[in-house]
Amino acid sequence: MRAATKTLMGQGPKSATKVIQDALKVLTPHKGGAAHPPAAPAGAREITPPMPSLHGAQGFSQARAGSAPPGPQPQAASQPHAPGASSHEQYVKSVVQDATEAFNNLMPDLLAKLDRAGANGHAAFKMPHFDIPGMNGMNGMSGMNGMQGGGASSPAEALPGKFTDGSFTNAAGTRTYKLYVPSSYTGQPMPLVVMLHGCTQDPDDFATGTQMNVLAEEMQCLVVYPAQSMQANSSRCWNWFNAVDQQRGQGEPSIIAGITETIMHNHAVDASQVYVAGLSAGGAMATIMGTLYPELYAAVGVHSGLPFASAHDLPSALAAMKGNFGPQRASGKSIPIIVFHGDKDTTVHPVNGDELIKRGAHNVMQEIIEPGRVPDGHAYTRTVHQAVDGTPQAEQWLIHGAGHAWSGGSARGSYTDGKGPDASREMMRFFQTKR
């Protein structure tokens with residue numbers, strides 16, 4: 001991938017565009033100018049392309065999976081085929097299908113890297129939109145419906161509120177952010193939701209995928225999206241696994257808290273209704289924020305994230321993502337929390353969701369289990385842990401068949417799964433019970 005990206009960047013956007021368009025013509029012969037794949041060589045073996053990493057080398061980065069050993073091509077005699085179809089035709093069809101799958105797996109990551117080059121000194125290198133065949137489906141990307149690398153695949157729908165840029169600096173560094181102010185805001189106190197994106201994402205992408213700005217209009221609240229910088233983490237992951245970033249008044253927690261307090265200072269915010277939520281690395285950081293600043297955040301929403309201080313460096317982070325936790329640090333009082341996790345998540349093991357609930361459900365009086373299913377979508381199990389007064393202290397949504405993606409999100413954003421329950425709306429409902 002690195003070599004391909006470097007080569008295409010060296011050729012410039014026009015040449016890179018032509019290369020990708022030529023590849024698309026080969027893989028979509030039904031769109032005119034059909035290019036025929038070469039005849040199968042004797043003793044051909046089936047293609048088993050490597051799966052590209054869905055994350056970068058840090059934070060939530062998974063090791064890039066290597067190719068499985070190629071297996072022998074099945075004997076033609078053992079393969080049923082339609083009347084009149086030759087073994088060569090069967091072979092050609094198989095090769096095209098395999099090549100298309102490999103291309104689909106590779107291209108989103110490549111386009112994202114080329115597109116991001118424009119933000120890193122290559123201002124003229126901006127890739128156009130491509131109609132990539134089959135990308136509206138899963139295509140083997142576990143839970144990555146609509147996955148488009150690190151940016152939204154199409155512009156967000158126009159909303160009547162204001163979505164503005166900001167920046168915050170303290171001794172730990174500088175981070176930019178985007179703030180959505182709904183059209184109904186006229187200076188009256190409103191709730192504030194802090195949304196922390198996942199790896200390779202940015203505020204625009206995360207806002208588009210979660211549709212939280214749409215809910216801000218409906219429910220009348222402010223939403224701020226702090227942005228991780230590529231200088232702090234090359235994959236834009238929040239550094240939840242670093243010891244300094246797990247301490248109050250230090251590192252990234254101090255910056256995110258500073259952004260939160262800045263919004264509260266510059267706008268009328270109901271201080272009893274400030275919440276923090278996040279996805280993946282952002283979910284892990286949301287847990288850290290709620291743990292370190294319980295007087296600032298009334299509740300936490302975590303999607304596909306990890307417990308507080310579940311790692312202290314990259315090796316322990318990778319172990320925690322697999323569900324192997326080291327010695328636990330005391331996290332103080334339990335925080336009201338709502339957790340979403342897909343039971344087919346191969347990036348962050350679902351046991352992390354169980355651990356989050358275990359730590360957040362202290363002193364609960366009753367547990368209510370409610371199975372359900374989204375029409376034409378995923379089944380799920382919702383478990384509510386009620387406090388003495390009957391309000392939910394912790395709520396867990398285990399989404400059956402879902403992978404590492406924001407449940408119920410829009411396919412216009414990355415890492416979303418539209419077949420799941422609406423995580424954004426359910427988080428907002430839960431937040432409204434905590435103030």
Side-chain angles (χ1 to χ4, degrees), residues 55-61 112 115-116 118-121 150-152 156 162-181 192-210 212-213 216 222-267 269 274-293 296-297 300-303 305-306 308 317 413-415:
H55 296 286
Q58 299 184 47
F60 274 119
S61 24
D115 205 34
R116 284 200 295 269
N120 292 301
K162 296 179 180 179
F163 201 24
T164 58
D165 296 292
S167 178
F168 175 83
T169 301
N170 67 6
T174 299
R175 296 294 186 277
T176 60
Y177 61 84
K178 295 201 75 168
L179 171 68
Y180 187 81
V181 179
L192 170 64
V193 181
V194 181
M195 293 289 288
L196 302 175
H197 63 74
C199 295
T200 77
Q201 295 182 313
D202 58 35
D204 288 297
D205 180 23
F206 199 41
T208 299
T210 61
M212 196 60 81
N213 291 353
L222 306 174
V223 188
V224 64
Y225 302 83
Q228 177 63 300
S229 69
M230 294 189 70
Q231 289 72 31
N233 187 292
S234 62
S235 297
R236 293 199 184 101
C237 306
W238 295 102
N239 292 305
W240 58 275
F241 52 88
N242 286 340
V244 70
D245 296 307
Q246 298 171 1
Q247 300 179 39
R248 182 184 174 97
Q250 300 291 321
E252 292 174 358
S254 72
I255 298 174
I256 296 169
I259 291 174
T260 305
E261 291 167 343
T262 296
I263 302 304
M264 296 174 70
H265 179 268
N266 295 338
H267 296 76
V269 172
V274 180
Y275 312 101
V276 60
L279 168 67
S280 197
M285 186 55 74
T287 305
I288 291 172
M289 297 307 299
T291 301
L292 298 181
Y293 297 89
L296 187 58
Y297 303 104
V300 178
V302 180
H303 203 310
L306 296 95
F308 173 72
S414 66
Y415 306 114

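The line from OG1 of Thr260 to CE of Met289 is 5.5 Å long, rounded to the nearest 0.5 Å. For the atom pair CG (Asn233) and CH2 (Trp240), the distance works out to 11.5 Å, reported to the nearest 0.5 Å. Met230 contributes atom CE, which lies 10.5 Å from atom SG of Cys237 (distance to the nearest 0.5 angstrom). Atom CD of Gln250 sits about 9.5 Å away from atom CG of Asn170, to the nearest 0.5 Å. Going from atom CD1 of Ile259 over to atom OG of Ser167 covers 8.0 Å, rounded to the nearest 0.5 Å. Between atom CG of residue Asn213 and atom NZ of residue Lys162 there is a gap of 14.5 Å, rounded to the nearest 0.5 Å.
With sequence neighbours excluded, the residues that form a ring-ring contact (aromatic ring centres under 6.0 Å, His included) with Phe206 are Trp406. Residues passing the ring-ring contact (aromatic ring centres under 6.0 Å, His included) test with His197 are Trp238, sequence neighbours excluded. Under the side chain to side chain donor-acceptor pair (under 3.5 Å) criterion, Thr164 pairs with no residue at all, not counting sequence neighbours. Taking Thr262 as the reference, nothing meets the side chain to side chain donor-acceptor pair (under 3.5 Å) condition, with sequence neighbours excluded.
A heavy-atom distance below 4.5 Å is not found between the side chains of Leu192 and His267. In this structure, the side chains of Leu196 and Val276 come closer than 4.5 Å at one or more pairs of heavy atoms. For the pair His303 and Thr210, the minimum side-chain heavy-atom distance is 4.5 Å or more.
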Run the side chain to side chain contact (heavy atoms under 4.5 Å, CB included) test on Thr200 and Tyr415 for me, step by step, so that the C-alpha distance in whole Å, both residues' side-chain angles and the decisive distance to 0.1 Å come before the verdict. CA-CA 10 Å; Thr200 77; Tyr415 306 114; 3.2 Å; yes

Evaluate the side chain to side chain contact (heavy atoms under 4.5 Å, CB included) criterion for residues Tyr297 and Val194: first the C-alpha distance (whole Å), next the side-chain angles of each, then the deciding distance (0.1 Å), finally the verdict. CA-CA 9 Å; Tyr297 303 104; Val194 181; 4.0 Å; yes

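Pairs engaging residues 240-251 under the salt bridge (Lys or Arg N to Asp or Glu O under 4.0 Å) rule: Arg248-Glu295 [sequence neighbours left out]. Residue pairs meeting the salt bridge (Lys or Arg N to Asp or Glu O under 4.0 Å) criterion with at least one member in residues 250-262, sequence neighbours excluded: Arg175-Glu252.
A cation-pi arrangement, defined by a distance under 6.0 Å to the six-membered ring centre and an angle within 45 degrees of its axis, is present between Lys178 and Phe163.
Side-chain N or O atoms of Asn239 include one that pairs as donor or acceptor with a backbone N or O of Ala232 at under 3.5 Å.
Between Leu179 and Val224, the shortest heavy-atom distance links the atoms CD1-CB, 4.0 Å. Residues Thr208 and Gly413 come closest through the heavy atom pair CG2-N, 3.9 Å. Across all their heavy atoms, Ala172 and Gly251 have their closest contact at CB-O, 3.5 Å. For the pair Gly249 and Tyr293, the tightest heavy-atom approach, listed with the atom from each and the gap, is N-OH, 2.9 Å. The shortest non-hydrogen separation linking Tyr180 to Ala216 is CD2-CB, 3.8 Å. Shortest non-hydrogen contact noted between Ala281 and Cys199 is CB-SG, 3.9 Å.
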